[in-house]
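Report on the structure given below.
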Amino acid sequence: MSTPARTYLHRLTLEHPNRLLTHSPRLPIRNFPIRRCFARRTASRQVHIHAQRRVVLSAIDPFTLLAAATVSVGIAYFATAYSGSDQAADTGAKPTEEKAIAPQSRTREDEEDEMAAQQLPGRPGNLKPDQQAKLKEMWAATLEVFGVIHERVSLEANGASTPASADDTTSAEPKKKHRSRLSLGLGRKKDKASGKENDPDTNGNDKHGQNRDFQAALASQSPAQLREAFWSMTKHDHPDALLLRFLRARKWDVHAALVMLVSTMHWRSQEMHVDDDIMLRGEQYALRESVAGNAAEKKEGADFMAQLRMGKSFLHGTDKDGRPCCYVRVRLHKQGEQSEKSLERFTVYTIETARMLLQPPVDTATIVFDMTDFTMANMDYTPVKFMIKCFEANYPESLGSVLVYKSPWLFQGIWKIIKGWLDPVVASKVHFASNVEELSQWIPRNRISRELGGTEDYSYSYVEPREGENAAFADTASRDKLLEERIQLVSSYETEVLAWIHGDGSGEGRGRLAQRLAENYWRVDPFVRARGLYDRTGVIGKGGRLDFYPGKAGAGGRVEDGVD
């Protein structure tokens with residue numbers, strides 16, 4: 001380009017920048033030769049600014065402004081309307097963000113409305129028609145095992161029921177002259193093609209031997225004993241909710257769910273003696289055993305107390321979905337330091353204590369495995385297998401999520417082995433967190449102790465049993481009176497269930513009776529369960545009142561979430 005041409009373009013740029021853009025398409029700005037001249041840099045900058053200004057001004061017409069305003073209002077409305085979203089469903093997904101709520105602004109009605117909104121599917125009060133029918137079926141089969149129903153009950157398509165006639169060809173059980181409890185059609189079924197027996201699990205998987213335990217329970221325990229074991233296991237739970245746990249665990253297969261339920265009752269009452277030993281005697285018994293027992297008793301008592309004192313596992317606080325949290329400090333376990341029996345006793349004691357911390361709509365717990373400073377010396381497959389059996393076979397639908405925190409690289413191979421033992425549904429609830437930022441996706445940082453990198457001023461400390469804390473055990477007259485009241489409530493509940501099964505009632509009375517049963521249990525509790533750490537620290541209060549953060553501000557002892 002000649003010198004006169006460059007001079008002309010320079011003057012044109014300074015005097016008429018618009019003209020350069022509109023009348024010189026063949027000479028785009030990016031092709032101009034750049035010279036180290038202040039005037040030319042200024043001209044180029046003015047052209048760019050002017051071009052951007054024209055684009056912006058052309059976009060701001062009345063229709064654009066109206067559309068933008070409409071979108072903004074819509075976004076604000078939906079953000080306000082859905083700011084208090086429900087809890088995440090119990091599927092192992094990451095929970096929703098916690099919202100800070102002033103405790104003084106919340107009323108009991110607000111809490112009840114919130115609980116109703118958060119009610120998960122497949123629970124009492126939130127059942128589909130087909131699930132209602134399955135629950136009826138489950139109650140009919142259960143009450144038959146208990147000897148409450150003496151005739152076979154078949155449910156019709158409309159949910160009503162009729163006693164099966166002697167020549168009913170649709171019954172799963174062949175006609176027999178004399179029926180026994182072992183021939184209820186609830187044991188193993190034969191495949192017509194192969195003639196082989198099938199397992200009771202819907203997936204054909206009986207890895208925990210539940211079919212064997214089911215048959216053993218029917219052979220060794222009377223209907224009255226099985227009935228007593230069930231109502232002892234119920235505690236403060238809604239009886240429907242307890243049966244629904246087993247139905248959900250077995251994908252609504254009534255046959256498999258009943259096998260699971262009966263085998264669990266056998267395990268609780270005949271193998272582990274959960275209610276008549278572990279929970280009845282508790283920590284004070286173990287302390288006395290460790291001091292005054294024989295050599296074997298001293299060993300078991302000392303092992304049990306050692307795990308409590310070191311805080312190998314303990315319950316503290318809640319996650320973002322309100323689930324109580326159980327922390328397991330894996331580094332504190334050394335293979336062989338405690339006997340297998342004391343490990344199992346301690347595990348069941350911890351799980352049963354966690355059950356005391358569950359109140360609707362929260363019906364699951366979160367376990368945090370703290371793998372900080374983990375080495376192969378801490379690895380012990382035996383208690384891991386026992387824990388898996390507990391949750392898969394005997395405490396179904398009790399795990400909300402399992403968080404593995406700061407697992408080292410050497411745990412990768414171990415996890416592949418453990419994952420192979422887990423039911424796929426349980427395995428899907430296992431999540432890994434390598435730092436506190438990732439852990440805070442499930443638990444707010446101000447509910448994570450400083451030991452784990454959070455901001456909560458909490459450290460585990462065991463409070464020793466106090467003399468006389470189980471004095472209620474001596475008041476047998478008050479205990480018997482309350483137990484008699486419970487027997488009457490149980491009988492009334494079963495009567496309501498029978499009327500519901502036969503289509504003579506709506507079933508609404510069960511809800512009121514379930515509430516009375518829960519209230520009765522908490523009055524009975526001091527007579528049938530030894531006081532423990534969480535009673536002494538105020539986490540479990542009188543009448544079952546819970547305070548997850550005793551002595552701290554917030555509704556129910558919950559710490560309000562602020563900005564860390």
Side-chain angles (χ1 to χ4, degrees), residues 228-229 232-233 235 264-316 326-357 378 380 382-387 389-390 394-395 460-476 478-479 483 521 524-540:
E228 182 181 354
S232 175
M233 174 174 62
K235 298 185 186 298
T264 293
M265 292 188 296
H266 179 77
W267 175 82
R268 291 178 66 92
S269 62
Q270 304 300 309
E271 294 183 30
M272 292 305 302
H273 296 277
V274 176
D275 298 311
D276 60 352
D277 178 14
I278 295 178
M279 302 308 292
L280 177 67
R281 294 177 169 180
E283 299 170 21
Q284 193 170 72
Y285 175 81
L287 178 61
R288 290 173 179 170
E289 236 185 3
S290 67
V291 175
N294 57 40
E297 291 172 344
K298 282 184 177 180
K299 169 65 176 170
E300 295 303 324
D303 286 354
F304 186 84
M305 293 303 297
Q307 294 176 90
L308 281 168
R309 287 166 176 156
M310 75 174 70
K312 180 184 290 186
S313 67
F314 59 90
L315 305 169
H316 174 66
C326 176
Y327 293 86
V328 181
R329 298 192 282 192
V330 182
R331 66 182 179 277
L332 298 181
H333 177 76
K334 298 291 191 298
Q335 187 174 2
E337 277 191 351
Q338 285 89 37
S339 68
E340 183 177 338
K341 181 179 177 181
S342 69
L343 284 169
E344 291 182 356
R345 188 182 184 91
F346 180 71
T347 300
V348 172
Y349 181 76
T350 303
I351 297 174
E352 276 293 310
T353 304
R355 280 190 68 197
M356 300 292 102
L357 306 184
N378 307 124
D380 191 352
T382 301
V384 171
K385 287 183 176 180
F386 180 76
M387 191 178 299
K389 179 184 177 183
C390 282
N394 305 121
Y395 293 94
Y460 175 82
S461 178
Y462 182 67
V463 179
E464 295 286 328
R466 299 163 183 164
E467 195 64 36
E469 65 182 11
N470 296 316
F473 285 3
D475 188 0
T476 56
S478 296
R479 179 201 64 195
L483 289 177
Y521 171 77
V524 172
D525 182 68
F527 301 95
V528 298
R529 181 180 67 87
R531 303 301 86 183
L533 170 63
Y534 306 101
D535 300 282
R536 292 190 287 272
T537 56
V539 175
I540 303 176

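What's counted below: heavy atoms across the whole structure, side chains too, no hydrogens, waters or symmetry copies. Along the sequence shown, residues are numbered consecutively beginning with 1.
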Practice item. Under the side-chain hydrogen bond (donor to acceptor under 3.5 Å, both in side chains) rule, what do Glu283 and Tyr462 come out as? Steps first, then yes or no, please. Key: CA-CA 11 Å; Glu283 299 170 21; Tyr462 182 67; 2.7 Å; yes

Check your understanding: Closest heavy-atom contact between Phe304 and Ala286?
Key -> CD2-CB, 3.4 Å

Check your understanding: Are any of the side-chain heavy atoms of Cys326 and His316 separated by less than 4.5 Å?
Key -> no

Review point. Is there side-chain contact between Gln335 and Thr382, with heavy atoms separated by less than 4.5 Å?
Key: no

Revision key, fill the gap. Hits for side chain to side chain contact (heavy atoms under 4.5 Å, CB included) against Leu280, two or more places apart or cross-chain, chain-then-number order -> Phe473

Point to revise | Non-hydrogen side-chain atoms of Ser461 and Phe314 separated by less than 4.5 Å | key: no

Exercise for review: Consider only side-chain N and O atoms of Tyr349 and Glu344, and report whether a donor and an acceptor are under 3.5 Å apart.
Suggested key: no

Review point. Do any N or O atoms from the side chain of Gln270 and from the backbone of Trp267 form a donor-acceptor pair under 3.5 angstrom?
Key: no

Exercise for review: Please report the shortest heavy-atom distance between Asp535 and Ala530, naming the atom on each side.
Suggested key: OD2-O, 4.5 Å

Review point. Counting N and O atoms only, with roles assigned by atom type, does the side chain of Arg345 sit under 3.5 Å from a partner on the main chain of Met272, one being a donor and the other an acceptor?
Key: no

Review point. Between Lys299 and Asp303, is the closest basic N to carboxylate O distance under 4.0 Å?
Key: yes

Study note, to complete from the structure: Nearest heavy-atom approach of Tyr460 to Gly311 is CE2-CA, 3.3 Å

Exercise for review: Using a strict 4.0 Å threshold on nitrogen-to-oxygen distance, state whether Arg309 and Glu464 make a salt bridge.
Suggested key: yes

Exercise for review: Kindly say whether Met279 contributes a backbone atom to a donor-acceptor pair with the side chain of Arg529 at under 3.5 angstrom?
Suggested key: no

Exercise for review: Run the salt-bridge test on Glu467 and Arg288 with the 4.0 Å N-O cut-off and return the result as yes or no.
Suggested key: yes

Check your understanding: Hey, what do you get for CD (Gln338) to CD (Glu300), rounding to the nearest 0.5 Å?
Key -> 10.5 Å

Exercise for review: Measure the OH-OG distance between Tyr327 and Ser313 for me, rounded to the nearest 0.5 Å.
Suggested key: 13.0 Å

Practice item. Calculate, to the nearest 0.5 Å, the distance between atoms OH and CD1 belonging to Tyr395 and Ile351 respectively. Key: 5.5 Å

Check your understanding: Does Glu289 come within less than 4.0 Å of Lys298, counting only side-chain N to carboxylate O?
Key -> no

**Study point:** Minimal non-hydrogen separation, His333 against Asn378, with atom names
**Key:** O-ND2, 3.0 Å

Review point. Are the side chain of Ser269 and the backbone of Met265 linked by a donor-acceptor contact shorter than 3.5 Å?
Key: yes

Check your understanding: Quick check: does any side chain N or O of Gln284 sit under 3.5 Å from a backbone N or O of Asn470, one acting as donor and the other as acceptor?
Key -> no

Review point. In Å and rounded to the nearest 0.5 Å, what is the CG to OG1 distance from Leu533 to Thr353?
Key: 9.0 Å

Point to revise | Set of residues satisfying side chain to side chain contact (heavy atoms under 4.5 Å, CB included) with respect to Val291, sequence neighbours excluded | key: none

Study note, to complete from the structure: Smallest heavy-atom separation, Pro465 atom then Glu469 atom, equals CB-OE2, 3.6 Å

Revision key, fill the gap. Output for pair (Met233 CE, Glu228 CD), nearest 0.5 Å, gives 12.5 Å

Practice item. Kindly check if the number of other-residue, nucleotide or ligand heavy atoms within 6.0 Å of NZ (Lys334) is above 12? Key: yes

Practice item. State, with a plain yes or no, whether a side-chain heavy atom of Leu357 is found less than 4.5 Å away from one of Leu315. Key: yes

Revision key, fill the gap. Here the gap from Phe386 atom CZ to Asn394 atom CG, rounded to the nearest 0.5 Å, amounts to 8.0 Å

**Study point:** Check against salt bridge (charged side-chain N to carboxylate O under 4.0 Å, His left out), Arg531 and Asp525
**Key:** CA-CA 9 Å; Arg531 303 301 86 183; Asp525 182 68; 2.9 Å; yes

Exercise for review: Show your reasoning for whether side-chain hydrogen bond (donor to acceptor under 3.5 Å, both in side chains) applies to Thr347 and Thr350.
Suggested key: CA-CA 5 Å; Thr347 300; Thr350 303; over 6 Å; no

Study note, to complete from the structure: Sorted by chain and residue number, the side-chain hydrogen bond (donor to acceptor under 3.5 Å, both in side chains) partners of Arg268 (sequence neighbours excluded) come out as Asp275, Glu352

Practice item. Ignoring hydrogens and angles, tell me if any N or O in the side chain of Ser290 forms a donor-acceptor pair with the backbone of Leu287 under 3.5 Å. Key: yes

